[in-house]
J.: 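Structure incoming, see below.
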Amino acid sequence: MTLTNHNPYRMRFTPFAPLPDDELYVRAGGGRLWLDALSPRAKGAAKGPFGRARSYARTAPVTHLVIEPGTIRCWINEDTRPAPAPGTYVPQPNPTVHIPVLDHGQWSDLTVITRHHADRLARLPAEDVLQEITSTGARNGIRLMPALEQCHASCSCSSRSALCKHAATALLQVARCLDAMPLVLLLLRGRAPVDFFAGLQDPHHPSLHHDGARHLPPSPATLAQIAHDQWERVARPSLPPVPVLPEQPATPVLAVADGFGGRTLAGLAAETAQRAHSLLRTLIHPDTDTADPAGNIAEADRDGYSRTSRQLPTIPLQQRLKELQEATGMTKAELTQAVRDWGLSG
């Protein structure tokens with residue numbers, strides 16, 4: 001059995017293997033609580049609808065079963081042959097069981113009386129959580145587990161009994177679902193588990209103020225959606241005006257730095273200022289060709305030097321590296337790599 005379509009308000013299980021002997025009557029889980037509430041005879045009596053359904057369920061596997069608020073839908077494949085002959089009638093019973101859901105007031109009361117147990121429930125396994133919620137509701141007159149007389153079945157078969165073997169098989173298979181996922185019972189009785197436990201933490205949760213248990217509220221929007229919607233509605237201030245860009249960068253004011261030669265420092269500052277000026281012009285006036293893709297100054301002369309740096313004497317790269325190495329304390333390899341990353345080309 002696998003949960004193949006997980007929706008908070010509709011759960012679909014498929015496929016079901018044939019019912020093994022005594023599987024539902026040994027384990028003390030959600031399925032045992034379900035069968036005990038429906039009929040004490042379901043535990044061992046051979047007579048009655050459940051006794052007959054036990055024999056039938058061992059040979060007629062359920063293909064899938066859907067649980068919705070107040071409704072159980074089941075599809076059974078009675079043909080176990082691998083390839084039936086063409087034109088052969090293959091019965092496909094489709095029983096549906098309707099169970100009354102709790103009304104809005106009952107769910108609100110159950111939420112209120114369970115709220116002070118929320119911290120303890122968070123540390124319990126799912127079957128113990130279901131047992132605790134069921135017991136708490138029963139002590140306050142709220143019966144979460146349905147009785148057999150509350151189950152109103154209909155089926156595509158020709159049986160005239162109030163509960164045919166197909167519908168009884170569906171109820172037995174629901175017990176297997178409750179063994180695997182005990183809190184599915186909350187959905188069957190009209191409240192999605194995610195909404196019920198959200199209501200324990202938040203007294204203002206939409207599910208607590210929504211009339212009509214059959215019309216469950218839509219799943220709440222995520223926090224990201226809420227934040228995005230609020231951001232779209234907020235009026236954003238306009239950007240400040242773009243400053244006027246000077247024709248040429250200003251001459252940098254150099255501070256006295258120990259270990260650097262005056263010419264080296266002036267050359268580095270001038271080239272840096274020219275490069276920043278060129279990049280800023282590209283951002284402000286993207287249509288003008290002021291810089292090439294590599295970030296080099298487009299207005300540089302063919303010999304590789306801008307008008308600003310051309311005015312300064314050429315300093316060999318090795319001399320610059322030596323002075324920078326003495327001033328920074330870096331090794332030659334580290335400094336060479338740093339200069340290469342910076343984009344200097346001599």
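Just so it is clear, the model here is predicted, and its values are computed rather than measured. Just so it is clear, the values below take in all heavy atoms, side chains as well, and ignore hydrogens, waters and symmetry mates.
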J.: Using a 3.5 Å distance criterion without hydrogens, assess whether the side chain of Arg123 forms a donor-acceptor pair with backbone atoms of Asp119.
T.: yes
J.: Let me confirm one number: the CG-CZ distance from Asp128 to Arg120, rounded to the nearest 0.5 Å.
T.: 9.5 Å
J.: Do Leu186 and Phe197 have side chains that get closer than 4.5 Å, going by heavy atoms?
T.: yes
J.: State the CZ-CZ distance between Phe196 and Arg191, to the nearest 0.5 angstrom.
T.: 8.5 Å
J.: Hey, what do you get for CG (Leu183) to CE (Met181), rounding to the nearest 0.5 Å?
T.: 7.5 Å
J.: Heavy atoms only: give me the nearest Leu35-Ala175 pair and the separation to one decimal.
T.: CG-CB, 4.0 Å
J.: Give every residue pair that meets the salt bridge (Lys or Arg N to Asp or Glu O under 4.0 Å) criterion with at least one member in residues 63-75, sequence neighbours excluded.
T.: Arg10-Glu68, Glu68-Arg73
J.: Does the side chain of Trp34 reach to within under 4.5 Å of the side chain of Leu172, using non-hydrogen atoms?
T.: no
J.: Below 4.5 Å, heavy atoms only, C-beta onward: do Ile76 and Pro95 meet side chain to side chain?
T.: yes
J.: Taking C-beta and beyond as the side chain, do Val184 and Phe13 meet within less than 4.5 Å on heavy atoms?
T.: yes
J.: Out of curiosity, Glu127 CD to Asp179 CG, how far, rounded to the nearest 0.5 Å?
T.: 8.5 Å
J.: Using atom types as modelled, flag every donor-acceptor pair under 3.5 Å from a side chain in residues 145-157 to any protein atom, sequence neighbours excluded.
T.:
| residue | atom | partner | partner atom | Å |
| --- | --- | --- | --- | --- |
| Gln150 | OE1 | Ala147 | N | 2.8 |
| Ser156 | OG | Asn94 | N | 3.0 |

J.: With a 4.5 Å cut-off on side-chain heavy-atom distances among I, L, V, M, F, W and Y, is there a chain of contacts connecting Leu178 to Val194?
T.: no
J.: Search all heavy atoms of Arg115 against all heavy atoms of Gly199 and return the closest pair with its distance.
T.: NH2-O, 2.9 Å
J.: How many angstroms lie between CD in Gln131 and CG in Leu144, if you round to the nearest 0.5 Å?
T.: 11.0 Å
J.: Can you give me the closest heavy-atom contact between Met11 and Leu187, atom names plus distance?
T.: CG-CD2, 3.9 Å
J.: Distance from Leu185 atom CG to Ile67 atom CD1, nearest 0.5 Å?
T.: 9.0 Å
J.: Only one of Thr71, Ile72, Val174 passes side-chain contact (heavy atoms from CB on, under 4.5 Å) with Ile99; say which it is.
T.: Ile72
J.: Tell me whether Asn140 contacts the main-chain N or O of Ile142 through its side chain, where contact means a donor paired with an acceptor under 3.5 Å.
T.: no
J.: Closest heavy-atom contact between Leu200 and Thr111?
T.: CD2-O, 3.5 Å
J.: Under 3.5 Å, is there a donor-acceptor pair between the side chain of Glu271 and the main chain of Leu268?
T.: no
J.: Compare every heavy atom of Gln201 with every heavy atom of Ala118, then report the nearest pair and how far apart it is.
T.: CB-NE2, 3.8 Å
J.: Quick one: are Leu65 and Gln173 in side-chain contact, heavy atoms under 4.5 Å?
T.: yes
J.: What's the shortest heavy-atom distance between Gly137 and Leu110, and which atoms?
T.: CA-CD1, 3.7 Å
J.: Would you say the side-chain atoms of Arg139 pair up with the backbone N or O of Thr134, donor to acceptor, closer than 3.5 Å?
T.: no
J.: Under the side-chain contact (heavy atoms from CB on, under 4.5 Å) test, which residues partner Ser238, sequence neighbours left out?
T.: none
